[in-house]
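Inspection log for the structure reproduced underneath, given as structure tokens.
Just so you know, ligand 1 is whichever comes first in the structure, and atom 1 is the first atom listed for that ligand. Being a predicted model, the structure only gives us computed values, none of them experimental.
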Amino acid sequence: MGEIDEVVRVQFGEDGVAEIVLSRPEKLNVVNLRMRDALIEAFSAVRDFPELGALVLRAEGAHFSAGADIGEFGNAESIFEARRIRWDRDPWYLLWTLPVPKVVALHGYALGSGLEMALLCDLRIAAHGTRVGLPESKLGMLPAAGGTRSISAWVTPSKALPFIMAGEPIDAVQAQILGIIDEVLPEGADVDEKALSYARRLAALPRVAVRAALKAAKAARELPLREGLAAERRLAYLTGQFKYD
Ligand code: COA
């Protein structure tokens with residue numbers, strides 16, 4: 001497994017699965033600027049690697065991630081510096097738009113931008129006992145790694161809003177009922193292994209078709225019906241299924 005920085009490790013497997021591993025366990029994998037930059041590099045590499053079939057995002061240590069590094073808030077030397085750091089380089093949209101299916105393996109706490117990262121993935125699998133939350137409101141902030149928007153890709157607005165506003169972490173089983181988590185594993189089951197096996201199955205499928213299906217499903221969410229249907233038709237041509245010769 002290669003290191004982009006010691007806080008993020010990346011591996012491109014021969015099975016067509018890439019793994020991105022958050023590796024700052026002593027600080028609960030909180031996302032500091034260094035990790036943000038490393039994630040931009042990791043996501044860019046995944047975006048640019050055409051042979052890839054699926055991505056697994058996972059984390060070392062007792063928790064997936066306790067969110068943004070609070071210690072770095074309000075420390076920039078000027079408003080220009082703050083803008084340059086936080087808004088000119090956007091790992092989150094990059095993650096959302098990666099052209100391969102993204103499976104995230106959650107365990108322990110997934111809070112704030114930890115959960116927001118997961119919400120930008122396509123399939124969320126959680127170990128028994130995982131707790132997820134967007135605690136920003138309790139800190140006088142709002143989730144700014146895309147959370148207020150990305151959550152409504154999976155959860156109806158009427159369920160998303162109380163969850164966002166309350167800021168209270170909930171158990172994975174409750175999160176599954178809401179639609180935030182797709183699968184919660186029984187006690188003792190290895191969530192990383194489960195995510196990897198799921199990703200391997202996806203990577204073994206015809207890649208053009210899987211990438212096209214992912215793109216069409218995203219278009220269905222983001223576009224009005226007519227444009228979504230047109231996008232699906234264009235993507236179906238791309239797979240070659242409408243060729244007659
Ligand atoms: N930013 C910076 N440091 C953080 C952090 C964060 N978001 N979350 C935890 N840490 C640090 C703690 O300050 C502590 O550092 P220390 O060992 O140098 O004292 C270390 O990580 C361990 O945290 P601790 O609170 O002792 O662990 P815990 O197991 O008792 O509690 C949590 C775990 C996740 C419940 C708790 O750390 C927490 O609520 N963190 C804040 C989560 C949050 O608000 N995230 C959103 C940020 S926008």
Side-chain angles (χ1 to χ4, degrees), residues 5-9 20-40 42-43 57-77 79 81-96 104-121 124-152 154-155 160-176 178 180-181 184-185 187 191-192:
D5 185 298
E6 60 192 37
V7 294
V8 173
R9 297 186 301 117
I20 296 182
V21 185
L22 309 182
S23 184
R24 203 187 171 208
E26 70 290 353
K27 285 285 178 191
L28 318 189
N29 293 312
V30 294
V31 184
N32 59 356
L33 294 176
R34 181 172 166 186
M35 185 184 278
R36 232 180 110 97
D37 282 348
L39 286 171
I40 289 177
F43 297 153
L57 180 60
R58 61 183 180 87
E60 285 172 355
H63 303 287
F64 179 78
S65 170
D69 192 330
I70 296 168
E72 286 187 343
F73 285 172
N75 285 350
E77 286 177 5
I79 192 159
E81 175 69 0
R83 187 179 173 284
R84 190 183 65 76
I85 291 168
R86 294 209 176 268
W87 309 122
D88 285 359
R89 291 175 290 161
D90 179 6
W92 313 127
Y93 188 67
L94 186 56
L95 175 59
W96 174 251
V104 61
L106 300 172
H107 70 280
Y109 276 102
L111 300 177
S113 48
L115 176 60
E116 292 174 276
M117 248 189 277
L119 290 169
L120 295 166
C121 293
R124 282 158 292 285
I125 304 177
H128 177 85
T130 301
R131 292 183 71 75
V132 303
L134 296 172
E136 284 86 346
S137 65
K138 289 171 123 182
L139 301 170
M141 297 184 279
L142 87 162
T148 60
R149 176 63 186 88
S150 59
I151 194 169
S152 59
W154 317 110
V155 176
L161 190 57
F163 178 71
I164 295 168
M165 288 192 305
E168 212 43 66
I170 59 173
D171 181 77
V173 174
Q174 219 184 329
Q176 188 180 21
L178 286 179
I180 293 170
I181 300 286
V184 185
L185 302 187
E187 197 166 1
V191 71
D192 291 347

* To do: Please answer whether the main-chain N or O of Ala145 pairs with a side-chain N or O of Ser113 as donor and acceptor at a distance below 3.5 Å.
  =>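 Side chain of Ser113 to backbone of Ala145: no pair is present.
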[X] and [Y] ion-paired at < 4.0 Å:
{"X": "Glu72", "Y": "Arg36", "answer": "no"}
{"X": "Lys138", "Y": "Glu168", "answer": "yes"}
{"X": "Asp37", "Y": "Arg89", "answer": "yes"}
{"X": "Asp69", "Y": "Arg24", "answer": "yes"}

* To do: Nearest 0.5 Å please: distance from the CG atom of Leu119 over to the CG atom of Leu95.
  =>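 Here the rounded value is 10.5 Å.
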* Asked: Would Phe163 and Ile151 satisfy side-chain contact (heavy atoms from CB on, under 4.5 Å), going step by step from the backbone distance to the final call?
  -> CA-CA 10 Å; Phe163 178 71; Ile151 194 169; 3.5 Å; yes
Among all protein heavy atoms, pick out the one at the shortest distance from [atom]; state its residue, atom name and that distance to 0.1 Å.
{"atom": "atom 29 (O) of ligand 1", "value": "His63 NE2, 4.2 Å"}
{"atom": "atom 4 (C) of ligand 1", "value": "Val30 CG1, 3.9 Å"}
{"atom": "atom 45 (N) of ligand 1", "value": "Ala66 O, 2.8 Å"}

Please tell me if [atom] is touched by the protein, where touching means a protein heavy-atom distance below 4.0 Å.
{"atom": "atom 31 (O) of ligand 1", "value": "no"}
{"atom": "atom 37 (O) of ligand 1", "value": "yes"}
{"atom": "atom 1 (N) of ligand 1", "value": "yes"}
{"atom": "atom 26 (O) of ligand 1", "value": "no"}
{"atom": "atom 43 (C) of ligand 1", "value": "yes"}
{"atom": "atom 11 (C) of ligand 1", "value": "no"}
{"atom": "atom 21 (O) of ligand 1", "value": "yes"}

Is the shortest N/O to N/O distance between [X] and ligand 1 below 3.5 Å?
{"X": "Leu28", "result": "no"}
{"X": "Lys27", "result": "yes"}
{"X": "Phe73", "result": "no"}

* Honestly, is Arg124 close enough over Trp154, meaning NZ or CZ under 6.0 Å from the six-membered ring centre and within 45° of the axis? ->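 That pair qualifies as a cation-pi contact.
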* Report the member of Ala144, Gly67, Ala68, Gly112 with the shortest heavy-atom distance to atom 7 (N) of ligand 1. =>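 Result: the heavy atom closest to atom 7 (N) of ligand 1 is in Ala68.
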* Asked: Is Glu26 atom CD crowded by more than 12 heavy atoms from other residues, nucleotides or ligands, each under 6.0 Å away?
  ->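 Correct, the count exceeds 12.
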* Asked: Considering only heavy atoms of Leu111, which atoms of ligand 1 have at least one such atom less than 4.0 Å away?
  ->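 Under 4.0 Å from Leu111, ligand 1 has these atoms: 34 (C), 42 (C).
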* Asked: Under 4.5 Å between any side-chain heavy atoms of Ser137 and Met165, yes or no?
  ->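 No; the side chains remain at least 4.5 Å from each other.
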